[in-house]
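Worksheet: the structure to be examined is printed underneath.
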Amino acid sequence: MRVMLAFDGSAGAEAARDLVAHLRWPTGTAITVVAALERGLDLFGAPDWAVVPRDAAESEALILADLQESLRQAAD
């Protein structure tokens with residue numbers, strides 16, 4: 001069986017993670033934890049008004065690193 005768990009760090013995602021962690025799964029089940037992150041202008045702006053900070057690349061890298069750490073913790 002293959003299971004995909006979408007995780008964004010919210011209370012609902014944490015509840016889903018805990019549920020998945022405590023269910024009995026058939027032997028061989030693979031659980032994949034995923035998240036989505038807007039990149040570039042979509043991360044910092046709005047559809048009609050994009051506001052990009054001067055340190056956008058650094059900010060995006062920090063946000064991505066934080067998201068990756070959240071995914072690692074959720075997978076554990």
Side-chain angles (χ1 to χ4, degrees):
M1 176 179 289
R2 293 182 291 176
V3 177
M4 185 182 328
L5 172 65
F7 189 81
D8 64 1
S10 67
E14 290 179 356
R17 175 205 57 207
D18 293 346
L19 175 66
V20 167
H22 291 96
L23 290 175
R24 289 188 179 191
W25 297 99
T27 301
T29 296
I31 300 172
T32 303
V33 183
V34 299
L37 175 66
E38 295 285 348
R39 305 289 307 259
L41 293 178
D42 292 332
L43 177 60
F44 299 106
D48 297 324
W49 182 58
V51 178
V52 180
R54 289 180 187 218
D55 63 346
E58 182 181 333
S59 295
E60 185 174 331
L62 290 171
I63 292 168
L64 182 58
D66 185 53
L67 180 61
Q68 289 171 330
E69 180 58 25
S70 293
L71 287 174
R72 274 191 288 279
Q73 289 176 6
D76 288 343

For this session: Quick one: list whatever passes salt bridge (charged side-chain N to carboxylate O under 4.0 Å, His left out) with Glu14, sequence neighbours left out.
Result: none
Exercise. Roughly how far, to the nearest 0.5 Å, is the CG atom of Leu71 from the CG atom of Leu5?
Worked result: 9.0 Å
For this session: Could you tell me whether Arg2 atom CZ has more than 12 heavy atoms of other residues or ligands within 6.0 Å of it?
Result: no
Tell me which donor-acceptor pairs under 3.5 Å the side chains of residues 16-35 have, and how far apart each pair is, sequence neighbours excluded?
unit_1, atom_1, unit_2, atom_2, d
His22, ND1, Asp18, O, 2.7
Trp25, NE1, Val20, O, 2.9
Thr29, OG1, Pro26, O, 2.6

For this session: Work out which heavy atom in Ala13 is nearest to a heavy atom in Gly9; give both atom names and the distance.
Result: CB-N, 4.1 Å
Exercise. How far does CG of Leu64 sit from CD of Glu69, to the nearest 0.5 angstrom?
Worked result: 12.0 Å
